[in-house]
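Worksheet for the structure shown next.
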Number of protein chains: 2
Amino acid sequence: MNKHTSLTMDLTKNQSLVMNALSDAKTPLSAYTILDVLRDHGFRAPLQVYRALDKLVEFGLVHRLESLNAFVACQHPSCEGEKNETILFTICEKCGSVQELLSDKLVGAMRNLADEIDFTLKESVIELRGICSNCKDH
Amino acid sequence: MNKHTSLTMDLTKNQSLVMNALSDAKTPLSAYTILDVLRDHGFRAPLQVYRALDKLVEFGLVHRLESLNAFVACQHPSCEGEKNETILFTICEKCGSVQELLSDKLVGAMRNLADEIDFTLKESVIELRGICSNCKDH
DNA sequence: ATGCCACACGTTATACCATTACGCAATTAT
DNA sequence: ATAATTGCGTAATGGTATAACGTGTGGCAT
Ligand SMILES: [Zn+2]
Ligand SMILES: [Zn+2]
Ligand SMILES: [Zn+2]
Ligand SMILES: [Zn+2]
């Protein structure tokens, strides 16, 4: 099967459960929070969560936020089936919401910077902390 | 005392020990690695390390790498005594070395991006994974 | 069908990262 | 002097992630 068609349909039971938990959440979830959420569905051990998360991240359906030790459902269809080199996340310190951005300008800036110091860029972790537009006006 | 003069001289014993451990290291160190390194100097518990690290980070002498859960001595004098909003780190996946960059262009790009989506930027986590110039050849 | 292989799964144990809570001593401010 | 602040030591706990082992299933070459 073409790996770019309907990956979502090929998820295993555990992967689907984790995916749905993340899709329903308004903020990123830690692996152990996911475990708690899914105890009613038979989850008993962290590894069940981590194995599902590994695959979902590999598929590009979920992203890991390094500065939060947490995971979030992808908000951008183009991530599916490929690993984007440069994604930017904004994280609101007030409401915890996350926004995912793919910016050509940003990708260019990163590439240039890497080139200047002869660094072979494989992957970027870009996570901006601050206050989102909703919370700013509160 | 003016907190912008010779912060390095005002470190406590534990802070100095941790600072030296990080300065001597060729790669970032985890808190527990630092603990092991300093056992001969009387360190017995993680908290001794974490308390020192908290202060050193506050002083701008040490930076935390979120994607590694590890700490690195600052390579850029201008960080001392202030918190830079935007620092970029490159992390070599082969040798583990880290390079710290302060780029005006990058800061501008981040600010613009934040402005575009009405996000009040407080702090950036930017960590690029790849291969450094030394490791690239051979 | 048989044997083999790849893969998802379940469980237990362990390793690694970080903080809370308590008490004490030294320093600094009033 | 007294109070507030800060650094320190220790023990306990909480949060994050992986290692190691075994089971079951489906695909597939023989
Ligand atoms: Zn995405
Ligand atoms: Zn918000
Ligand atoms: Zn610095
Ligand atoms: Zn290298």
Side-chain angles (χ1 to χ4, degrees), chain A residues 1-3 7-22 25 27-59 61-72 91 96 125 127 129, chain B residues 1-3 7-22 25 27-59 61-72 91 96 125 127 129:
Chain A
M1 176 168 190
N2 182 331
K3 75 175 201 175
L7 260 170
T8 315
M9 293 296 111
D10 293 339
L11 299 181
T12 67
K13 180 152 174 280
N14 283 3
Q15 287 161 16
S16 296
L17 286 166
V18 170
M19 190 68 223
N20 288 336
L22 286 174
T27 62
L29 301 180
S30 76
Y32 278 72
T33 301
I34 296 171
L35 177 56
D36 285 339
V37 167
L38 294 181
R39 277 193 200 283
D40 293 344
H41 295 272
F43 274 51
R44 312 278 316 166
L47 210 48
Q48 297 175 277
V49 179
Y50 281 108
R51 288 203 270 232
L53 285 172
D54 283 349
K55 286 298 181 182
L56 293 173
V57 168
E58 184 186 325
F59 296 156
L61 295 172
V62 166
H63 301 297
R64 176 186 164 83
L65 295 166
E66 299 290 342
S67 67
L68 295 177
N69 291 337
F71 300 83
V72 67
I91 302 169
V125 174
E127 299 176 12
R129 319 297 299 256
Chain B
M1 173 166 188
N2 182 330
K3 75 174 202 175
L7 262 171
T8 315
M9 294 294 107
D10 295 338
L11 297 182
T12 68
K13 180 153 176 283
N14 282 3
Q15 288 162 15
S16 296
L17 287 167
V18 170
M19 189 69 221
N20 288 336
L22 286 174
T27 63
L29 301 180
S30 76
Y32 277 71
T33 302
I34 295 172
L35 176 58
D36 285 339
V37 166
L38 294 180
R39 278 194 199 279
D40 294 343
H41 296 273
F43 274 51
R44 312 278 314 168
L47 206 50
Q48 297 174 281
V49 179
Y50 281 109
R51 286 204 272 233
L53 286 172
D54 283 348
K55 287 297 182 184
L56 293 172
V57 168
E58 183 186 325
F59 297 157
L61 296 170
V62 165
H63 301 296
R64 175 184 166 83
L65 295 166
E66 298 291 342
S67 68
L68 295 177
N69 291 337
F71 300 83
V72 67
I91 302 169
V125 174
E127 301 175 11
R129 321 295 300 256

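Quick note on labels: first sequence line is chain A, next is B, and so on, each numbered from 1.
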Heavy-atom check, side chain of B:V18 versus side chain of B:V62, under 4.5 Å: no

Can you pull every protein N or O that's under 3.5 Å from an N or O on nucleotides 12-19 of chain C?
from: C:dA18; atom 1: OP1; to: B:R64; atom 2: NH1; distance (Å): 2.8
from: C:dA18; atom 1: OP1; to: B:R64; atom 2: NH2; distance (Å): 2.5
from: C:dA18; atom 1: OP2; to: B:Y50; atom 2: OH; distance (Å): 3.1
from: C:dA18; atom 1: O5'; to: B:Y50; atom 2: OH; distance (Å): 3.3
from: C:dA18; atom 1: N7; to: B:Y32; atom 2: OH; distance (Å): 2.8
from: C:dA18; atom 1: N6; to: B:Y32; atom 2: OH; distance (Å): 3.3

B:E127 meets the salt bridge (charged side-chain N to carboxylate O under 4.0 Å, His left out) criterion, sequence neighbours left out, with none

Which nucleotide of DNA chain D is the first, and which the last, in the 5' to 3' direction, to come under 4.0 Å of a heavy atom belonging to chain A? D:dT16 to D:dA20

Hey, what bend do you get for the helix from C:dA1-D:dT30 to C:dT30-D:dA1 if you fit axes on five pairs at each end, rounded to 10°? 30°

Is any side-chain heavy atom of A:R129 closer than 4.5 Å to one of A:L68? yes

Taking all non-hydrogen atoms of both residues, which atom of B:V72 and which atom of B:L65 are closest, and how far apart? CG1-CD1, 4.1 Å

Work out which heavy atom in A:L22 is nearest to a heavy atom in A:F71; give both atom names and the distance. CD2-O, 3.3 Å

Answer yes or no: is there an ion pair linking B:D36 with B:R39, defined by an N-O contact shorter than 4.0 Å? yes

Would you say C:dG10 has OP1 or OP2 under 4.0 Å from some side-chain N or O of A:Q48? yes

B:L53 and B:A31: which non-hydrogen atoms are nearest, and at how many Å? CD1-CB, 4.1 Å

Rounded to whole Å, how long is the line connecting atom CG of B:N14 with atom P of C:dA26? 15 Å

side-chain hydrogen bond (donor to acceptor under 3.5 Å, both in side chains) partners of B:N14, counting only residues at least two apart: none

Please state how far atom CG in A:D10 lies from atom C1' in C:dC7, giving the value in whole angstrom units. 14 Å

Which heavy atom in A:A70 sits nearest to a heavy atom in A:S30, and how many Å separate them? CB-N, 4.0 Å

Can you tell me the distance, in whole Å, between the CG atom of A:L17 and the P atom of C:dA8? 15 Å

Could I get the full list of side-chain hydrogen bond (donor to acceptor under 3.5 Å, both in side chains) partners for A:T27, not counting sequence neighbours? none

Pick the nucleotide of DNA chain C nearest each of A:G42 and A:K55; which residue has the one closer to the 5' end? A:K55

Check whether any side-chain heavy atom of B:L11 sits under 4.5 Å from a side-chain heavy atom of B:M19, and report yes or no. yes

